[in-house]
Amino acid sequence: MLRLLAGLFVLASCSMGAIKEGGEKPYVYDVRSEYTSQDLIELAPKVVSSTHREPIKGKLDTLFGKGQKPLKRVGIVVFETQIQPTLEGLARGNQIYLSEQGKQLMTENLLRMWEMSEKILTPELDYVSTHNIKKSKKFYEYGLPEDDFVKSKRSTYSADDIFYLEAGRKTTTTTIVNPRGMRDVSFLLVPAYDLMGGPKWSEHNKHFINDVAKELKLDAVLIIMSEIKWTAAHKDKFSDDFVPEEATIRIKASTLLPLSEYHDRLAKTGDTEKPGVNLCYRTYESEMKIPVFISVPEEMKNFNTIEQELLSPVMKTYKDLSQMTLLRITDDLKKTW
């Protein structure tokens, strides 16, 4: 109930006065196609929406206009995932589930995609890697350390990480997972992204954002939420409609400016006020649904089937979607240069 109420509050605050651009043209993604960088550049505005809202003080046009510092030096300080959530701790009819270490491995692999894509697609950014961010002293003064479920250095999955599980059997209740060495800055069951992200000003962990950004001389920080879930074929119990087997991949990202950077920009416009909030430059949202094949005969319920029919298409789709989101983020950052 707490998470529901918080979510409703966030939705209400985000929708007031927000301007949305792109992401409205229907597009059927083909998981079998190999998309080039140029393809992704052309698709990004159609698939990924960008939203902004005027801040609590000042105007975006003047805060990021002529005479203001360009946004070039950025890094990811919050990276959360919600992968096949099972809050009640019991497997349902969706067949395939992950252990705690499986979710952590997937989270680390998703983050790795962002960092590798940045080097290839947007070399003009002064991107600070999470490896360097984790060296920040201020980074460890806030939030809690995430549990490390993976006891060896590896990035590949095994049969203990993701597996078929009968309905009614116990499974992990861990739904929000951060990579090893990062911080959990959520609040109870409410992800940090729901509290900090979106086209709004925010007070949640504002000192964490500000102190880390100042220590690392970041112009802005990225916070990212990735949601991945899949469903077996079934009939909807309310509408009696047939629901096909599919996986849903959703990415939400926000570019936040620390409050000290916000104050400096206000001062350059002649405004001496110092609002005690972070400033959101832009927020991004995208979703893709792809067909998967997980309801298989008993003899095919093994790790090889999971790799071929679920992991491979899901990870490929996430790679393309994250790259389109990164391209949208960079395109908006370039408007400040």
Side-chain angles (χ1 to χ4, degrees), residues 29 31 35 40 44 47-48 74-86 96-122 127-134 146-150 153-158 161-162 172 174-186 191-194 196-197 221-230 246-255 283-290 292 306-307 310-330:
Y29 175 81
V31 72
Y35 294 91
L40 296 177
V47 176
V48 183
V74 301
I76 298 172
V77 297
V78 175
F79 190 85
E80 297 175 306
T81 62
Q82 193 167 25
I83 303 168
Q84 196 65 342
T86 50
I96 298 174
Y97 293 87
L98 296 98
S99 61
E100 285 94 343
Q101 68 264 23
K103 291 187 177 185
Q104 181 178 323
L105 276 174
M106 185 172 284
T107 299
E108 292 175 347
N109 286 333
L110 299 181
L111 175 57
R112 193 172 293 114
M113 286 183 187
W114 281 86
E115 303 222 292
M116 292 177 66
S117 297
E118 188 282 326
K119 294 177 182 178
I120 298 170
L121 296 179
T122 58
Y127 178 79
V128 180
S129 69
T130 55
H131 174 75
N132 288 325
I133 288 174
K134 286 185 288 187
E146 276 295 320
D147 290 330
D148 187 356
F149 298 108
V150 182
K153 188 175 181 180
R154 63 189 177 97
S155 60
T156 57
Y157 304 95
S158 70
D161 301 322
I162 185 166
T172 173
T174 306
T175 59
I176 304 300
V177 179
N178 287 314
R180 279 175 276 185
M182 293 194 77
R183 311 298 287 172
D184 179 5
V185 289
S186 59
Y193 186 90
D194 287 354
M196 302 164 69
V221 303
L222 302 178
I223 64 171
I224 299 167
M225 166 63 89
S226 304
E227 300 173 3
I228 300 176
K229 63 180 180 180
W230 48 85
E246 62 184 11
T248 302
I249 297 98
R250 188 182 187 194
I251 295 175
K252 296 183 289 185
S254 288
T255 308
T283 189
Y284 307 86
E285 193 164 324
S286 57
E287 179 181 291
M288 279 187 178
K289 294 185 178 182
I290 58 170
V292 292
I306 294 172
E307 269 196 313
L310 181 64
L311 286 177
S312 180
V314 163
M315 298 304 280
K316 180 196 179 299
T317 304
Y318 184 90
K319 174 182 69 69
D320 289 343
L321 194 57
S322 63
Q323 289 186 347
M324 283 188 269
T325 305
L326 180 59
L327 287 166
R328 286 283 272 160
I329 292 172
T330 306

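In what follows, every heavy atom counts, from backbone to side chain, and hydrogens, waters and symmetry copies are set aside. What you see is a predicted model, and the numbers here were worked out from it, not measured in a lab.
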Next item on the list: State, without any angle test, whether E108 and Q104 hold a side-chain donor-acceptor pair at a distance under 3.5 Å.
Entry: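 Yes - a donor-acceptor pair under 3.5 Å links their side chains.
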
Side chain proximity check, [X] to [Y], heavy atoms < 4.5 angstrom:
{"X": "N178", "Y": "T107", "answer": "no"}
{"X": "M315", "Y": "M113", "answer": "yes"}
{"X": "Y157", "Y": "I306", "answer": "no"}
{"X": "S155", "Y": "R112", "answer": "yes"}
{"X": "T248", "Y": "W230", "answer": "no"}
{"X": "S312", "Y": "E307", "answer": "no"}
{"X": "Q84", "Y": "I228", "answer": "no"}
{"X": "W114", "Y": "I224", "answer": "yes"}

With rounding to the nearest 0.5 Å, note down the distance linking [atom1] in [X] to [atom2] in [Y].
{"X": "D320", "Y": "Y29", "atom1": "CG", "atom2": "OH", "result": "3.5 Å"}
{"X": "K319", "Y": "Y35", "atom1": "NZ", "atom2": "OH", "result": "10.5 Å"}
{"X": "Q101", "Y": "M106", "atom1": "CD", "atom2": "CE", "result": "12.5 Å"}

Okay, side chain of [X], backbone of [Y]: is any donor-acceptor separation there less than 3.5 Å?
{"X": "D147", "Y": "F149", "result": "no"}
{"X": "R154", "Y": "T156", "result": "yes"}
{"X": "T130", "Y": "I133", "result": "no"}

Check: Of I329, T325, L327, which meets side chain to side chain contact (heavy atoms under 4.5 Å, CB included) against V48?
Finding: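 Of all the options given, the one that passes is T325.
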
